[in-house]
Structures are given as structure tokens and as C-alpha cells.
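Following: one structure in C-alpha cells, then a few remarks.
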Amino acid sequence: MGESMKGLKRSVYCGEINETMVGETITVMGWVNKRRDLGKLIFITLRDRTGLVQVTIDGNRADENLFKKAETVRGEFVLAISGSVVNRSPENINKDMKTGKIEIDATELRILSEAEVPPFQVADTGVGIDLRLKYRYLDLRRPDLQEILFTRHRISQTVRNFLDQNGFIEVETPMLTKDSPEGAKAYLVPSRIYPGQVYALPQSPQIFKQILMVSGFDKYYQIARCFRDEDLRANRQPEFTQIDMELSFVNEDDVMDVNERLMQKVFKDTLNVDITLPMLRMPYKEAMERYGSDKPDIRFGMELVNITELVRGSSFAVFESAIEAGGSVRGINAENCGNFTRKQIDALGEVAKEYKARGLAWITITETGELKTSLTKFFDEDALRKIVEAFNGKAGDLILICADKNKVVFDALGALRLDVAKKLNILNDKDFKFLWVTEFPLLEWSEEDARFYAMHHPFTSPMEEDIELLETDPKSVRARAYDMVLNGAEIGGGSIRIFQRELQEKMFNALGFTLEQAQERFGFLLNAFRFGTPPHGGLAFGLDRIVMLITGTDSIRDVIAFPKVKDASCPMTDAPSHPDPSQLRDLGLSVLKEKE
RNA sequence: GGUUCAAUAGCUCAGUUGGUUAGAGCGCUGGCCUGUCACGCCAGAGGUCGAGGGUUCGAGCCCCUUUUGAAUCGCCA
């Protein structure tokens with residue numbers, strides 16, 4: 001059993017001890033990071049959340065019992081150590097250590113807790129994610145992970161302070177709520193009192209925040225947990241956190257302005273990075289035409305070029321059939337990739353194929369200016385030179401061309417552009433390039449269901465000048481929606497909402513459902529709107545993604561204390577788990593099918 | 001649900017053309033060591049090569065099936 005800490009009180013954190021404290025008697029408590037036993041001299045580096053400090057137990061000077069106890073200390077034991085802070089002699093200074101100029105000469109050592117040999121070394125950074133998550137408490141002892149969670153905390157604090165100072169009030173909305181159709185699959189919670197009925201965990205506080213506007217709170221925010229029962233990704237967890245807000249009597253400029261300033265403040269406070277305002281704004285259409293993406297990474301060029309007109313009428317059937325079908329021929333200039341081998345170019349073709357492109361044409365411009373190309377049978381030297389010119393191709397470049405439906409062309413080239421940039425290693429993750437993407441399409445056609453879906457959600461307002469198109473040409477209607485994009489990641493998005501009943505009816509009409517159906521799905525919100533609705537709009541940031549970008553991590557799991565693995569289970573708690581049969585009885589449920 | 005990659009000691013990995021008793025570093029255990037800080041030196045323990053089947057005189061390696069993990073596409077209003 002561990003010893004008591006009775007009579008001892010921690011006087012300082014390990015990482016905060018410095019030369020000004022030399023001569024003082026201090027008490028530290030923490031975990032054994034490393035023990036180095038030289039025989040009659042033992043060094044222990046002790047770790048707490050602030051860092052490391054070296055403790056010495058000198059066999060010549062220390063009490064015999066103290067020394068014997070120190071010999072039994074092992075990694076990850078929890079110790080309380082009292083002693084005096086002493087200067088290290090110059091040759092013993094460790095300049096790689098924050099506390100490397102001093103050490104603690106121990107006069108008392110208590111083993112508060114022993115520890116079994118851990119399944120992996122806390123300092124080992126190469127351990128597999130499933131093992132790390134099973135023993136997440138050990139994993140979280142690593143200073144780099146602790147630092148990320150401290151940064152996350154600082155970001156939340158900055159957000160709260162800023163929004164408070166700007167007149168926002170934080171209101172909590174329910175976790176147990178009503179399932180609303182459309183969108184992601186919801187996590188359901190069975191009701192005990194109404195057997196067979198369910199609550200849903202919120203995918204976002206969307207409807208509640210709009211109702212708060214109806215109530216007159218004017219400016220609301222919440223750092224809100226949200227749930228979506230969809231497959232996981234490197235940047236997607238089933239439960240995640242949004243910085244959610246809604247404002248009344250505003251237009252899109254008002255919402256964008258306050259949120260630009262919020263991000264400016266966050267980046268200043270956490271990274272001391274200055275963001276120039278206002279941020280660039282780019283309509284959706286332009287983002288697609290130039291970058292093949294609605295969340296363009298504008299840290300580098302290689303923009304898309306439309307060569308449809310230039311190649312129209314060629315003998316190349318792939319180009320011609322794409323153009324005839326209403327598609328286009330576009331490409332990018334992968335600058336300085338002229339030395340790519342056939343194998344590397346084929347690999348780029350594979351990337352394009354993942355996005356449904358059937359192939360990828362290419363033109364290499366060698367260092368001496370000669371052209372090598374997959375198009376040699378279809379274009380003469382003159383025509384090729386004209387294409388190269390359209391891309392501003394110079395010696396050492398590689399031009400990649402895709403012909404298909406516009407969606408495929410944009411998806412494939414947008415992905416290729418990022419893939420090439422990664423391969424060339426030209427992306428600096430300390431370079432923060434923000435922009436707003438605006439004027440999104442209001443509606444999205446689903447081939448599968450043969451109907452329109454709201455691209456954002458059904459309460460997103462169309463742009464005023466496009467309202468009449470709702471009935472004549474729904475797919476051309478642009479929304480008063482905006483996404484904040486940072487380095488190719490959508491970090492936040494929102495819209496100005498519909499607050500007029502007539503317009504809402506037109507919207508439901510375009511979505512192909514009747515007022516009765518709408519009433520069934522969103523009745524309580526529509527009811528609320530009957531009693532005096534202010535014009536309003538809002539936005540939600542993905543806090544997890546913001547933390548990822550600020551801390552420069554690739555995995556969302558690094559910014560969440562207790563994340564799930566790919567199949568949405570938790571290796572540490574072993575959730576989800578089988579309910580007790582009596583619980584099922586209480587809920588009036590029976591299980592039809594179990595995963596083997 | 002699809003595609004790709006991976007699985008060998010507690011951890012991270014190597015393992016040649018299919019050929020003797022499967023290795024390394026770290027960790028762990030024991031011993032020695034008073035200035036280490038990736039301590040050093042000596043000794044030691046530790047393996048169902050993910051599982052099942054097949055080919056072969058012989059399989060960690062080849063083939064089939066399967067399980068698990070990761071990335072990615074679909075999906076995520």
C-alpha cells in the first residue's frame with residue numbers, strides 16, 4: 001500500500017522550479033518519468049503537468065532508509081519529494097531541460113502509489129492508436145498531448161471571453177431532444193416512460209438557437225456537444241464540439257464581421273499570429289472554378305484552367321464526349337513536377353480515379369522545353385503548345401487534364417491539386433490562410449431520391465435576387481450561406497435564416513414537401529415563427545478542427561481527451577456494451593439482430 | 001458497403017530465393033557502478049510469427065478463407 005501524504009503539502013509544480021528558488025526547501029508531487037541508478041547515487045526525474053525536474057538521492061549524504069526506498073522506485077510510481085533546490089555544477093547543467101540548471105536534493109521521499117509496468121512507455125510516441133486509447137490515461141501523461149488539451153482550454157476561454165464582451169449569452173440546449181429528419185443519422189435514446197419511443201441526441205442545437213432568437217435573446221452562443229452516427233474519419237468523430245452562435249437583426253456582414261474578429265483573437269491569443277481583416281470572400285462558383293473545391297486551400301496556386309474551348313473539335317473522343325455531354329475539359333499545372341516518372345503520373349491518375357474520373361491526360365515539359373504527352377496521337381505540336389500556353393507551362397512543369405462532367409472534373413482536379421502540393425511538400429502548416437466561401441447553392445439535386453435537398457438546411461434563406469428562381473430554376477438559387485475556410489478545411493459555416501412564412505413555404509415547396517409534412521417535421525419551430533420572428537442568422541465552428549489546425553495535428557483523436565476509434569467504440573471503457581436484460585425490459589425493447 | 005495498406009517478444013520493428021534453434025532496439029528482472037540526464041557494463045526472462053485451411057520433404061515467407069487495425073471513397077442537411 002502506498003504511503004500517506006499526511007504532513008506534506010505540495011509547494012510548487014515540477015516544471016516551475018527555477019534558479020531563484022535555490023536554497024529553498026520545497027515539496028513536489030508527481031510521477032516517476034525515469035530513474036537512473038548509478039549505485040550509490042540515484043537520479044529520479046519527476047513529472048507533473050508542468051514538466052520535469054531532477055531529484056538526486058546521494059548515498060553518502062542521504063538517510064539510509066530514504067536511500068533504500070529510492071532504490072525500489074520504478075517508472076510511473078507516484079512520489080512526494082521534499083528537499084532543497086540546489087544549483088547544478090556547470091558541467092552538469094542539462095540545457096535541453098527547462099529546469100536543467102537546478103535539481104532537488106531529496107530529504108524525504110514517499111511512495112504514494114506504486115505502478116505496474118505500463119503496457120507501453122509513456123515517452124514512446126510510435127505506439128499504435130488502439131493500444132494508446134485502451135490505456136488513454138497513460139497516453140494522456142505525454143506532455144505533447146497535455147499541451148494540446150491546454151491549448152484547447154485556452155481557445156475555449158478566449159471564445160467565451162470574446163463572445164461575452166460582444167454581448168453574447170451562453171445558453172444550454174437539451175441533449176435529449178426530438179429527432180429531426182434529413183441529414184446525418186441520429187443517436188437515439190429509448191424512452192422508459194413511453195416504451196418504443198425515442199429521444200435523439202442533437203446533431204447541432206440549430207432549431208433551439210433559432211427559437212432563442214424568437215424569444216428575444218438576440219445574441220446566443222454555446223460550446224455545444226453534437227452527435228452524428230456516421231462513419232469516422234481522421235477528422236471526424238461521432239461526438240464533437242461546436243462553437244455555436246445565433247444573432248438577431250443581422251445580415252451576413254454582421255455575422256462574418258464578429259466571427260472574423262473572434263478567429264483573429266483566438267489566433268492572436270494562442271499562437272501570437274496576426275490575421276489581417278477583413279478576410280477574403282469568394283463565391284462558391286469561383287471557388288469551384290479556380291480550385292475545384294468549396295473549401296479551397298489558398299496557400300498555393302496551381303489553379304484550375306478551363307480549356308474546353310481550346311480543345312473543342314479535336315479527334316480525341318474522351319474530350320469530345322465530355323464536352324457533348326455538357327461537361328468540360330480542365331486541368332492544372334503541377335509546377336515543377338516535370339520530372340515525375342510514368343509511375344508517379346500513374347499514381348496521380350489513381351487519385352483522379354478515386355473521384356470517378358475515368359482517366360487523366362498529361363503533358364510533361366522537359367527541362368529542355370520538349371513536350372511529352374499522353375495526347376500525342378490526337379494533338380499536333382502546335383495544338384499542344386497552345387494548351388501549354390493556356391496553363392503558363394514552363395520547362396519542368398507537368399500539366400494534368402481531366403475531361404468529364406463538371407462535378408467529376410472539379411472533384412478530381414481539386415484532389416489532385418492537394419495531392420501534388422503534399423507530394424512537393426510546399427504546404428506550411430504555420431501559414432494560416434482564411435477565406436469565406438459565400439453564395440452556396442441553396443439546393444442540391446439527389447439523383448437517388450429524384451428530389452432537391454437543402455444543401456445547408458431547410459431554413460437557410462435564398463439570396464433576395466434569386467427568390468423568383470425558386471419556382472423556375474431551383475438549382476440556380478444561391479443561398480445566404482457562408483463557410484469559413486482555413487487551409488483547405490471548413491472550420492465553420494452558417495447562414496441567414498428564413499424568417500418570413502411565405503418564403504418558408506416556397507422553400508418547402510421547392511424541397512417537394514407539403515406544409516402538412518413540414519409541420520410534422522419542424523412543427524414546433526414553425527409554430528414559434530408564428531409569434532413574431534426577428535430576422536436572424538448564425539454560424540457554428542468546429543472546435544475540434546480549429547484545435548487541430550492551431551496545434552498542427554493530423555488526427556482529431558489528438559485533440560479530444562477520450563475519443564472513439566474507427567468503429568465508434570471506446571477501447572478504454574469498452575462502450576458500447578450489452579444492456580442488462582432487465583434494462584431492455586424496462587424500456588420495452590427487444591434485440592432483433594446482433595453483430596457477431 | 002467499396003478500395004488500399006498492415007498484423008512477428010510488453011512496445012517499435014527487421015527477417016534474404018521457402019531451408020538448422022525466429023532476431024534487434026527500447027522496456028522488464030537480477031548484479032556492478034557517485035554526476036547521470038537516450039546513463040554505462042554484465043547476465044537473464046520473454047514468441048500459438050493474428051486465426052483457420054492448403055501447397056511443399058520443409059512455410060514467418062507462397063495460395064485460399066477469416067479476424068483485427070489504419071487511411072480513403074460512399075456517407076457526414
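Numbers restart at 1 for each chain; the letters A, B, ... are given by sequence-line order, proteins then strands.
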B/rC5: pairing nucleotide in any strand, Watson-Crick or G-U under 3.5 angstrom | B/rG69
When A/Arg35 and A/Lys185 are each assigned the nearest nucleotide of RNA chain B, the 5'-most assignment goes to A/Arg35
Is the side chain of A/Lys34 donor-acceptor paired with the backbone N or O of A/Ile44 at a distance under 3.5 Å, no angle test?
-> no
A/Arg451 to A/Tyr453, cation-pi by 6.0 Å centre distance and 45° axis angle = yes
Which part of the nucleic acid, if any, lies within contact of A/Gly128, taking any heavy atom under 4.0 Å across all strands shown: a base, the sugar-phosphate backbone alone, or nothing?
-> sugar-phosphate
Near RNA chain B, which residues from residues 38-54 of chain A have a heavy atom under 4.0 Å away?
-> A/Leu38, A/Gly39, A/Lys40, A/Leu41, A/Phe43, A/Gln54
Do NZ/NE/NH1/NH2 and the carboxylate oxygens of A/Lys134 and A/Asp130 come within less than 4.0 Å?
-> no
Take atom C1' in B/rU55 and the same atom in B/rU21, then report the distance between them in whole Å.
-> 25 Å
Could you check whether the rings of A/Trp445 and A/Phe452 sit parallel, tilted or perpendicular, using 30° and 60° as the cut-offs?
-> perpendicular
Whole-Å distance separating the CD1 atom of A/Ile498 from the P atom of B/rA77 = 18 Å
Between P of B/rC28 and CD of A/Glu116, the distance in whole Å = 14 Å
Compute the ring centroids of A/Phe410 and A/Tyr291, then answer whether they are less than 6.0 Å apart.
-> no
Over how many whole Å does the gap from A/Asp105 atom CG to B/rG35 atom P extend?
-> 16 Å
Flag if over 12 foreign heavy atoms under 6.0 Å of NZ, A/Lys68 = no
Between the SG atom in A/Cys14 and the CD atom in A/Gln54, the distance rounded to the nearest 0.5 Å is 12.0 Å
Nucleotide forming a Watson-Crick or wobble pair with B/rG60, both distances under 3.5 Å | none
Can you tell me, in whole Å, how much space there is between the C1' of B/rG15 and that of B/rG25?
-> 15 Å
Is A/Glu490 salt-bridged to A/Lys295, going by a charged N under 4.0 Å from an acidic O?
-> no
OP1 or OP2 of B/rA38 sitting under 4.0 Å from any side-chain N/O of A/Arg36?
-> no
Assess whether atom CH2 of A/Trp31 is packed by more than 12 heavy atoms of other residues, nucleotides or ligands within 6.0 Å.
-> no
Looking only at side-chain atoms of A/Arg236, point me to the closest of B/rA77, B/rC75, B/rC28.
-> B/rC75
Residue A/Arg74, side-chain heavy atoms: nucleotide from B/rG30, B/rG27, B/rC11 that is nearest | B/rG30
With C1' as the reference atom in both, quote the distance from B/rC26 to B/rA14 in angstrom, rounded to an integer.
-> 15 Å
Taking atom P in both B/rG30 and B/rU36, what distance in whole Å separates the two?
-> 24 Å
Starting at CZ of A/Arg497 and ending at C1' of B/rA77, how long is that distance when rounded to a whole Å?
-> 12 Å
Any chance the side chains of A/Ser89 and A/Asn92 put a donor and an acceptor closer than 3.5 Å?
-> yes
Quick one: does A/Asp58 reach the base of B/rG35 with a side-chain donor-acceptor pair under 3.5 Å?
-> no
For the pair A/Glu114 and A/Arg74, find out whether any cationic side-chain nitrogen is under 4.0 Å from an anionic carboxylate oxygen.
-> no
Map A/Asn235 and A/Thr56 onto RNA chain B by nearest heavy atom, then report which one ends up closer to the 5' terminus.
-> A/Thr56
Roughly how far apart, to the nearest Å, are B/rG31 and B/rU67 at atom P?
-> 49 Å
Pairwise P distance for B/rC63 and B/rU56, with rounding to whole Å | 16 Å
N/O to N/O distances under 3.5 Å, protein versus nucleotides 69-71 of chain B:
| residue | atom | partner | partner atom | Å |
| --- | --- | --- | --- | --- |
| B/rA71 | OP1 | A/Arg557 | NH2 | 3.1 |

Classify the side chain of A/Arg228 versus the base of B/rC75 as yes if they form a donor-acceptor pair under 3.5 Å and no if they do not.
-> no
Would you say a side-chain N or O of A/Lys34 is under 4.0 Å from OP1 or OP2 of B/rC39?
-> yes
Does B/rC28 have a Watson-Crick or wobble partner in any strand here, with both distances under 3.5 angstrom, and which is it?
-> B/rG44
Name the orientation class of the two ring planes belonging to A/Tyr284 and A/Phe440 (parallel below 30°, tilted from 30 to 60°, perpendicular beyond 60°).
-> tilted
With the threshold set at 4.0 Å, does a side-chain nitrogen-carboxylate oxygen contact exist between A/Glu147 and A/Arg142?
-> no
Restricting to nitrogen or oxygen on both sides, can you table the protein-nucleotides 8-10 of chain B pairs closer than 3.5 Å?
| residue | atom | partner | partner atom | Å |
| --- | --- | --- | --- | --- |
| B/rG10 | O2' | A/Pro119 | O | 2.5 |

Given B/rU12, B/rC73, B/rA77, which nucleotide is nearest the side-chain atoms of A/Val127?
-> B/rU12
Between B/rG27 and B/rA9, how far is it from one C1' atom to the other, in whole Å?
-> 11 Å
Between B/rA24 and B/rG44, how far is it from one P atom to the other, in whole Å?
-> 12 Å
Base, sugar-phosphate alone, or nothing: which one does A/Glu103 contact when heavy atoms must sit under 4.0 Å apart?
-> base
Does any N or O in the side chain of A/Glu230 come within less than 3.5 Å of the main-chain N or O of A/Lys185, such that one atom is a donor and the other an acceptor?
-> yes
Hey, does A/Asp96 reach any base, or is it just sugar-phosphate, or nothing, if we go heavy atoms under 4.0 Å?
-> nothing
